[in-house]
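Only this structure's heavy atoms are used, side chains among them; waters, hydrogens and symmetry mates stay out.
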Amino acid sequence: MLIKIYSAATVGIDAVPVTIEVHAVSGFDFVLVGLPDNAVKESHERITAALTVNGYDALRRDFTINMAPADIRKEGTVYDLPLAVGMLAGCELVKTKHLEQYMLIGELSLDGTLKPVRGVLPVALCAKKEGFKGIILPMENANEAAVVDGLEVYGLDTLPDVVRFLNDEQTFQPTYVDSKALFDEFAFPSDIDFADVRGQYKLRRAVEVAAAGGHNLLMIGPPGAGKSMIAKRLPSILPPLSLEESLETTKIHSVAGLMNKRQGAGSSLVVQRPFRSPHHTITDVALVGGGTNPHPGEISLAHNGVLFLDELPEYKRTTLEVMRQPLEDRHITVARTKTTVDYPASFMLVAAMNPCPCGHYGENNPAHPCTCTPGQIHRYLSKVSGPLLDRIDIQCDIQAVPYEQLRETQPGEPSALIRERVMKARAIQQARFVPYPHVHSNAMMTPKMVRQFCALNDECDKLLQMSMSKLGLSARAYDRILKVARTIADLEGADNIQKQHILEAISYRSLDRTAL
């Protein structure tokens, strides 16, 4: 007897359909082919125990199971449920009339309980694309899959529940998620606000410009000046995610297995822009992605959001250098002997560092004089390479907050007002880039687009030429200055870049190579 069950395999952040063909005849053998990894091969023991515990006599058969297409590696425990249902159908314990209508995924415990798996959203999107009526999966994954409209999602608790559903012995209700309500309620962080920030008006302005244009930002200042505090509030002034961005971000987090760790409303969809802050001991692979079986790294988990690197010079230089290509291309390609996968990596890089090893260089504070020699300061700053600095649009020097500003009782400007200005500037950019579907902000402009949208009058051109010569800026820094100036003009609603926009953009290049 030949049975066909349908599931899916994740490749990168997308899924491809997998057909599981089960051939059952009299005997006691079990053969599994189709490029399964060790976790899939071990499923036989879990399935056998689950079937036995639940009273299904499906062992007196010779099973030959093929997982097609055979050239795609099948990984993980997602195939436990479809394999078990296929074996039961081969023993005529499950009716076959519904098997062509549903995709099945799920891990089995030894007692037949369905356990959550990763990569659910890509599988649900694949099921809809391939024309399946619905998907059957563990209850804990149901909310994640239910964000896909037009797909019946049945979250079930045990293998017997799946059998009763397929045999029409019991009726179960599909899971429904109101995506619009999630966006309306949880689009912005509620526990952080720029109103908590005292002083640092220059840095607040730089952060607003960075948010308005999607620019990378580096903050240089003494310990306790508020760099980390302000960085953590950056998502509160960024524009809300669109549904397309939310689905793409959720797919990445789903493949990485992070959706299973989320609770409440956030367990179904990523509706807030990600904020990732890895420790400086992170490895190259953990940052950009990869591994024997490739998985997304921190730069992909920060896609459509913010990657914050605190104490930037403490990161290994090789770790920082692997970000150079993703910062330009906004995606990362992970190549291995048997596979190549692409992960999106369009993120805002926000970094913070001290001006010297002791952290007090440039401060006018007798209580904390700088004890570093010029050589120590140079070596410390040189840990961040010139090519990486070129890719950081805004470099902002800050000082410690004066006591008078710390004691201010009037709250600072709230995130909602700043976000309103940022969204107006982004709306201007969206209208500007309508002919370019993959460009959403000024920071994403190509050199050709910079020449088109960042034209300068003679006065601005001479000013920029003099600054380039005096500061020794690179051609890449030239483009960055023009992009930032364009964003500043957008914040003011100006049609053309003016002198004051160029001057402010140049002031944000305080740590270029000639300054090291």
Side-chain angles (χ1 to χ4, degrees), residues 205-218 234 237-239 241-242 244-245 248 273 299 302-307 323-332 344-350 387-396 421-457 460-461 463-465 467-468 473-509 512:
R205 168 65 175 179
V207 170
E208 181 178 337
V209 173
H215 301 290
N216 301 323
L217 170 68
L218 174 62
L234 181 55
I237 65 172
L238 290 172
L241 288 170
S242 66
E244 180 182 359
E245 289 176 325
E248 188 174 35
R273 292 193 178 272
I299 64 172
H303 180 63
N304 291 323
V306 177
L307 177 68
M323 288 196 303
R324 285 161 53 177
Q325 179 262 334
L327 282 171
E328 288 289 322
D329 298 341
R330 297 187 178 271
H331 71 89
I332 181 71
S346 181
F347 61 94
M348 281 182 61
L349 173 63
V350 178
L388 181 60
L389 286 177
D390 266 352
R391 289 165 169 82
I392 298 178
D393 307 354
I394 298 176
Q395 304 160 8
C396 187
R421 295 194 297 268
V422 168
M423 292 176 64
K424 287 181 179 179
R426 286 289 184 105
I428 294 173
Q429 295 166 44
Q430 289 176 0
R432 176 184 299 136
F433 301 132
V434 166
Y436 309 94
H438 300 295
V439 178
H440 309 292
S441 64
N442 288 334
M444 302 175 71
M445 285 192 290
T446 64
K448 180 179 179 181
M449 296 169 66
V450 170
R451 292 192 296 271
Q452 179 181 355
F453 299 116
C454 302
L456 302 179
N457 58 33
C460 292
D461 186 59
L463 176 62
L464 185 53
Q465 181 183 8
S467 301
M468 291 283 296
L473 301 177
S474 68
R476 183 181 286 111
Y478 170 80
D479 279 354
R480 303 281 173 177
I481 290 174
L482 289 178
K483 291 178 182 179
V484 173
R486 180 68 265 176
T487 299
I488 297 170
D490 290 341
L491 280 169
E492 294 185 2
D495 293 332
N496 300 312
I497 296 175
Q498 301 171 8
K499 180 180 178 180
Q500 65 269 24
H501 306 147
I502 290 290
L503 286 172
E504 183 176 353
I506 293 172
S507 72
Y508 294 138
R509 304 298 303 182
D512 275 301

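- Residues Lys499 and Asn457 fail the side-chain proximity criterion, which asks for heavy atoms closer than 4.5 Å.
- Listed by chain and number, the residues in a salt bridge (charged side-chain N to carboxylate O under 4.0 Å, His left out) with Glu328 are Arg391, Arg476, Arg480 (sequence neighbours excluded).
- Atom CD1 of Ile392 sits about 5.0 Å away from atom CG of Leu218, to the nearest 0.5 Å.
- How far OG of Ser242 is from CD of Gln430: 8.5 Å, rounded to the nearest 0.5 Å.
- Looking at every heavy atom in both residues, Ser441 comes nearest to Gln429 through CA-OE1, 3.2 Å.
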Does the side chain to side chain contact (heavy atoms under 4.5 Å, CB included) test come out yes or no for Val422 and Leu238, once each step is laid out? CA-CA 7 Å; Val422 168; Leu238 290 172; 5.5 Å; no

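- Counting all heavy atoms, side chain and backbone alike, Cys396 lies closest to Ala206 at SG-CB, 4.1 Å.
- Residue His303 comes nearest to Glu248 through the heavy atom pair NE2-OE1, 3.0 Å, listed as atom of the first residue, atom of the second, then distance.
- A heavy-atom distance below 4.5 Å is found between the side chains of Met444 and Ser346.
- Taking the side chain as every heavy atom from C-beta outward, Asp393 and Thr487 never approach each other to under 4.5 Å.
- Summarising the local packing, CZ of Phe453 is surrounded by more than 12 heavy atoms from other residues, nucleotides or ligands at distances under 6.0 Å.
- Contact between Ala443 and Arg330 at its shortest, heavy atoms only, is O-NH2, 3.6 Å.
- Rounded to the nearest 0.5 Å, atoms CG (Leu388) and CG (Leu327) are 6.5 Å apart.
- Rounding to the nearest 0.5 Å gives a distance of 10.5 Å between CD of Glu492 and CD1 of Ile428.
- Listed by first and then second residue, the salt bridge (Lys or Arg N to Asp or Glu O under 4.0 Å) pairs that reach into residues 435-446 come to none, sequence neighbours excluded.
- Residue pairs meeting the side-chain hydrogen bond (donor to acceptor under 3.5 Å, both in side chains) criterion with at least one partner in residues 443-452, sequence neighbours excluded, are Tyr436-Gln452.
- Smallest separation of non-hydrogen atoms from Arg509 and Leu389: NH2-O, 3.5 Å.
- For the salt bridge (charged side-chain N to carboxylate O under 4.0 Å, His left out) test, residues two or more places apart in sequence or in another chain that qualify with Asp490 are Arg432, Arg486.
- Looking at Leu482 and Met445, their side chains never come closer than 4.5 Å, going by heavy atoms from C-beta outward.
- Residues passing the salt bridge (charged side-chain N to carboxylate O under 4.0 Å, His left out) test with Glu504, sequence neighbours excluded: Arg205.
- Using a 4.5 Å heavy-atom cutoff, the side chains of Phe433 and Met449 are in contact.
- Atom CG of Leu307 and atom CE of Met348 lie 11.0 Å apart (nearest 0.5 Å).
- Applying the salt bridge (charged side-chain N to carboxylate O under 4.0 Å, His left out) rule to Arg273 yields the partners Glu245; only residues at least two apart in sequence or on another chain are considered.
- Ile481 CD1 to Leu464 CG: the interatomic distance, rounded to the nearest 0.5 Å, is 5.5 Å.
- Nearest heavy atoms, Ala212 versus Arg426: O-NE, 2.9 Å.
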